[in-house]
Amino acid sequence: MPRPLSFRSPALTAAAALGAFALTALPAAATSSPSQIATSKTNGVSYLKSLQAADGSYAGSGLSNEWAFSALAAAGTAAVDVTPGGDTSKNARTVYRTLLSTASWPSSSPVVTDYERAMLNAYAAGIDPARVSASRNLVADIYGYWQTAEPGYFGPSANFNGTVFAALALGGAKTQSGQARIPQALRDALITRIRANQHNDGGWNYGKAEGSPSQLSSTSDIDMTGATMAALCVSGVPNTDTDVLQAKAFLKSKLVASSGAFNAMFGANTDSNGWAVSGLNACGINAQTGDFLTSMGKTPVDFLIAQQFKPGGGFKYLPSDTSPTAYSSIDGLRAVAGGGFTAAPPVPVTSGAPQWVGQGSFTSGTATRLALTVDDGAGNPKVCSVALTPTGTATTLGAVLDAATGAATPAGCVTGVTPSSGTGTVTALNGKANSGSNTWKVSIDGSAFASAARNTVVGVGDTIAVRWGA
């Protein structure tokens, strides 16, 4: 099946390098105990560390293994602690941040999933995704793909996976303090589109199904069902919600009693099980009990651990394979470790290394972008990425709104602001004026909404939500 976000790179296996170490006996399948899971995590981390290039990279020219950061974080290993030969100057976090800060990254023709992949993995690596550098704000990069004609979709709606991973990134990668970064109105728009694409069997697929009876009645994909149920849950939908329960039932219906594998479109494999288990993990659903403990005493986690070489730590893709792959090893470890599709970065063990890194202020004269939503209370928020060049280490809400009138992607996020200058309270936006207790208010990085004023301070990487209401 097609894979979004450059998950799979078949040519990038590490079997040859690992040799006999990776290809020793596999563990017997059984309901996995805490000690077995702990051993799997330890061995899996060792294997993922072996994938690091000599220059410290996991991604870049010829490499696309940055999803390792999400698996390492889930397993309790900080990216800054992963170094080639102990060279801390080439630690994985620093090298990845440098890559993301490069003006030519990701390519001359980027797509939204490039930025979503980066946001999920930067967050797991301990890089504030909104503050990668003075010029790189991954939240704003994603906002720029909002579909004005089809609100709630990010990127072309036909590629539904772009919207799913927008929800995973924007909802899962929280602020450094653990605060939800984006406003409820945006989360609601994403949730509405995700619900509209749920197939009749309870799952989802990579392509758009909304409005198409034939697509809605087609068979869902195991992998995408795991990712999409996770997208709902990280957006605030409880695991008791009807749509989540239907997704859970779909996965249960595909469970193979004798192994704990899911009967995926192309047969039982590590990646499909990994995505499904990560979806269950993100929703707080135990993949080893209840509906996911088969009549023969097997679970999806059992299947994953049976796919892992011991003590080599790598995971094979198919049960018949004789060597591990990087992609399957990342998916397998992340799921066994209890992770969804990203995880908060662990506290590093490297002396002096902070849990988080990020740009602390604007660089005067350096062009940047900020993420902005404008909600007039009518149920159709405007979402855009605002380009501006700050003249100091901070800017103001007035400067951002002014810039948005002519330098927003997509255009039309802001058409006019009153007053048009000065430092006072915003009294009208896009032609809608304050009225009694219903006034324009602003939230920065998920903070409580407060009166919006032109002189409200905005810092580097701030995610700005402006809302009309009481």
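Being a predicted model, the structure only gives us computed values, none of them experimental. Starting from 1, each residue takes its place in the sequence as its number.
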Undergrad: With side-chain contact (heavy atoms from CB on, under 4.5 Å) as the test, would you mind laying out the steps for Ile182 and Thr373 before giving the verdict?
TA: CA-CA 9 Å; Ile182 67 171; Thr373 57; over 6 Å; no

Undergrad: How long is the straight-line distance from OG1 of Thr242 back to CD of Gln198, given to the nearest 0.5 Å?
TA: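 Spacing of CD (Gln198) from OG1 (Thr242) equals 9.5 Å.
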
Undergrad: Within this structure, what is the CZ-OG distance for the pair Phe303 and Ser258, rounded to the nearest 0.5 Å?
TA: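 Nearest 0.5 Å value for the CZ-OG distance: 10.0 Å.
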
Undergrad: Side chains of Asn438 and Trp468: any donor to acceptor distance under 3.5 Å?
TA: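 Note: Trp468 and Asn438 side chains miss the donor-acceptor criterion.
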
Undergrad: Looking at side-chain heavy atoms only, is the closest gap between Ile127 and Arg136 below 4.5 Å?
TA: no

Undergrad: What's the verdict on side chain to side chain donor-acceptor pair (under 3.5 Å) for Arg187 and Gln184, showing C-alpha distance, side-chain angles and the deciding distance?
TA: CA-CA 5 Å; Arg187 294 199 296 272; Gln184 187 65 50; 2.5 Å; yes

Undergrad: Can you check whether Gln307 reaches Asn273 side chain to side chain, under 4.5 Å on heavy atoms?
TA: no

Undergrad: Can the ring centres of Phe449 and Trp440 be said to be less than 6.0 Å apart?
TA: no

Undergrad: Looking at CZ of Phe154 and CG of Leu186, how far apart are the two atoms once the value is rounded to the nearest 0.5 Å?
TA: 5.0 Å

Undergrad: Side chains of Val414 and Val374: closer than 4.5 Å at any heavy-atom pair?
TA: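 SC-SC contact between Val414 and Val374 confirmed.
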
Undergrad: Once you round to the nearest 0.5 Å, how far does CD of Gln147 lie from OG1 of Thr163?
TA: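 Those atoms lie 7.5 Å apart.
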
Undergrad: Apply side-chain contact (heavy atoms from CB on, under 4.5 Å) to residues Val336 and Gln308 and explain how you reach the verdict.
TA: CA-CA 11 Å; Val336 169; Gln308 186 180 29; over 6 Å; no

Undergrad: Going by an N to O cut-off under 4.0 Å, is there a salt bridge joining Lys254 and Asp201?
TA: no

Undergrad: Parallel, tilted or perpendicular: which fits the ring planes of Tyr123 and Trp356, with parallel below 30° and perpendicular above 60°?
TA: tilted

Undergrad: Could you check Val400, Val426, Leu397 and say which one makes a side-chain contact (heavy atoms from CB on, under 4.5 Å) with Val466?
TA: Leu397

Undergrad: How close do Ala276 and Ile222 get, heavy atom to heavy atom, and via which atoms?
TA: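 Minimum heavy-atom contact is CB-CG2, 3.9 Å.
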
Undergrad: Measuring only between side-chain heavy atoms, which start at C-beta, is Leu318 closer than 4.5 Å to Phe266?
TA: no

Undergrad: When rounded to the nearest 0.5 angstrom, what distance separates CG in Leu372 from OH in Tyr143?
TA: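 Here the rounded value is 8.5 Å.
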
Undergrad: Of all residues at least two apart in sequence or in a different chain, which pass the side chain to side chain contact (heavy atoms under 4.5 Å, CB included) check with Ser217?
TA: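 Only Asn200 meet the side chain to side chain contact (heavy atoms under 4.5 Å, CB included) criterion with Ser217.
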
Undergrad: Indicate yes or no: does Asp445 engage Lys174 in a salt bridge with an N to O separation below 4.0 Å.
TA: no

Undergrad: Out of curiosity, Asp114 CG to Trp105 CH2, how far, rounded to the nearest 0.5 Å?
TA: 6.0 Å

Undergrad: Arg334 vs Val277, test: side-chain contact (heavy atoms from CB on, under 4.5 Å). Steps then yes/no.
TA: CA-CA 9 Å; Arg334 184 175 56 236; Val277 172; over 6 Å; no

Undergrad: Report yes if the side chains of Asn197 and Lys208 come closer than 4.5 Å at any heavy-atom pair, otherwise no.
TA: yes

Undergrad: With side chains defined as the heavy atoms from C-beta onward, is the minimum distance between Leu168 and Thr342 less than 4.5 Å?
TA: no

Undergrad: Within the structure provided, determine whether His199 and Ser218 are in side-chain contact (heavy-atom separation under 4.5 Å).
TA: yes

Undergrad: Using a distance-only test with no angle check, is there a side-chain donor-acceptor pair under 3.5 angstrom linking Tyr153 and Glu210?
TA: yes

Undergrad: How are the rings of Phe341 and Phe165 set relative to one another: parallel (under 30°), tilted (30 to 60°) or perpendicular (over 60°)?
TA: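 Aromatic pair Phe341/Phe165 classed perpendicular.
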
Undergrad: For a quick check under 3.5 Å, do Lys441 and Ser443 share a side-chain donor-acceptor pair by atom type?
TA: no

Undergrad: Please state whether the rings of Phe69 and Tyr96 are parallel, tilted or perpendicular, taking 30° and 60° as the class boundaries.
TA: tilted

Undergrad: Are Phe250 and Trp204 side-chain neighbours, meaning at least one heavy-atom pair lies under 4.5 Å?
TA: no

Undergrad: Would you tell me whether Thr175 and Ser177 have side-chain atoms, one donor and one acceptor, within less than 3.5 Å of each other?
TA: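 Yes, side-chain donor-acceptor contact under 3.5 Å.
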
Undergrad: Is it the case that Asn43 and Tyr47 place a side-chain donor and acceptor less than 3.5 Å from each other?
TA: no

